[in-house]
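First up is the structure itself, then whatever we jot down about it.
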Amino acid sequence: METALPFDLPAHTQIPEDSLRSDRVRLRQWTKADFEPFAAMNCDPQVMRYFPALLAREQSDAHASRIRALIAERGWGFWAVDWLQQPGAKPQFVGFVGLHVPIADLPFSPCVEIGWRLARPFWGKGFASEAARLAMNVGFEILQLPQIVAFTARDNLRSRAVMMRLGMRCAAEDNFDHPAVPEGHALRAHCLYRIDRETWRDLPPRQRPEVGAR
């Protein structure tokens, strides 16, 4: 069973397509064509380094199906991300970025998190930050969320760097043990990052998305 929506969010919100596009990336609903490259990501040990286990094809497909169903139901979620490349070129699936209501009972619940998972060839190119800024803009300007959180294993410095580039901040007292990770597991210790709507709106222009650039 999926977690109920927090913050009195409506059951479904229509998100304008222009809000899901920048100059280089587009956020969109998943298609069946995305399942194969997504499965390849989920069995890549580097991509899944900070997750408890790799996903078999059946598990990966089930995960993608759940994500797609939630977007259809709510209008938002962990969107598939396309790299738009050059005008006229076919967009290329690079992974997912978006917003989600965690199922686990976390110390800071109820909440909406921002998260991402990109295929390794697209690391270090700014795609995660660019797409995440679009998702955060949807969260604060369309869904009117009071706060967005992000969390990861404490050693995941790459994802933590993205969180900081988004203007999110971490306090030592917010560190927690993820209840879905077994006790004694090296990835159980997590850190939490937060940003509220007022802080987001005060960020300098370079940290805000240029939506609908194409």
Side-chain angles (χ1 to χ4, degrees), residues 1-3 15 17 19-86 89-104 112-139 148-153 155-163 166 178 180-181 187 190 209 214:
M1 178 178 292
E2 299 296 343
T3 305
I15 309 299
E17 287 189 10
S19 298
L20 301 175
R21 180 190 290 259
S22 69
D23 188 54
R24 295 195 305 162
V25 300
R26 174 180 67 185
L27 311 183
R28 59 166 175 79
Q29 174 63 296
W30 293 63
T31 70
K32 280 289 188 180
D34 303 321
F35 284 31
E36 183 173 349
F38 185 56
M41 289 170 47
N42 290 327
C43 65
D44 183 331
Q46 290 300 312
V47 173
M48 301 298 286
R49 179 178 176 183
Y50 296 104
F51 293 87
L54 303 180
L55 298 183
R57 178 62 190 264
E58 183 177 347
Q59 295 171 307
S60 179
D61 286 357
H63 187 32
S65 293
R66 286 194 299 272
I67 292 172
R68 185 166 69 165
L70 281 172
I71 294 173
E73 176 185 337
R74 298 173 176 171
W76 52 274
F78 281 150
W79 290 285
V81 179
D82 282 335
W83 173 32
L84 299 178
Q85 304 186 68
Q86 299 299 320
K90 182 179 179 180
Q92 187 172 357
F93 174 82
V94 303
F96 74 71
V97 174
L99 305 167
H100 180 65
V101 180
I103 297 173
V112 174
E113 66 164 313
I114 188 166
W116 45 82
R117 189 180 309 171
L118 269 58
R120 195 152 31 112
F122 304 101
W123 291 5
K125 302 180 186 299
F127 290 128
S129 298
E130 187 169 338
R133 289 187 183 106
L134 291 174
M136 194 168 281
N137 192 66
V138 168
I148 294 174
V149 303
F151 49 89
T152 188
D155 291 339
N156 189 354
L157 301 182
R158 184 181 292 272
S159 273
R160 295 182 67 173
V162 175
M163 295 168 194
L166 295 173
H178 199 298
V181 181
L187 298 179
H190 271 54
R214 289 191 182 184

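Among residues at least two apart or in separate chains, salt bridge (Lys or Arg N to Asp or Glu O under 4.0 Å) pairs with a member in residues 113-123 are D44-R120.
The side-chain hydrogen bond (donor to acceptor under 3.5 Å, both in side chains) check on R68 picks up nothing, with sequence neighbours excluded.
The ring pair (Phe, Tyr, Trp, His ring centres under 6.0 Å) test with F93 singles out one residue from F127, W30, W79, and that residue is W30.
The backbone N or O of E58 lies less than 3.5 Å from no partner atom in the side chain of D61, so there is not a single donor-acceptor pair.
D34 contributes atom CG, which lies 7.0 Å from atom CG of D82 (distance to the nearest 0.5 angstrom). Atoms CD and CG, on E17 and L27 in that order, are 11.5 Å from each other to the nearest 0.5 Å. Residue R66 holds its CZ atom at 7.0 Å from CD1 of I103, rounded to the nearest 0.5 Å. Note that the CG atom of L84 and the NZ atom of K90 stand 13.5 Å from one another [nearest 0.5 Å]. Going from atom NE2 of H63 over to atom CZ of F35 covers 11.0 Å, rounded to the nearest 0.5 Å. Note that the CE atom of M48 and the CG atom of N42 stand 5.0 Å from one another [nearest 0.5 Å].
Under the 4.5 Å side-chain criterion, counting only non-hydrogen atoms from C-beta, V94 is not in contact with K125. At least one side-chain heavy atom of L118 sits less than 4.5 Å from a side-chain heavy atom of V97.
A donor-acceptor contact under 3.5 angstrom links the side chains of W116 and S159, judged on distance only.
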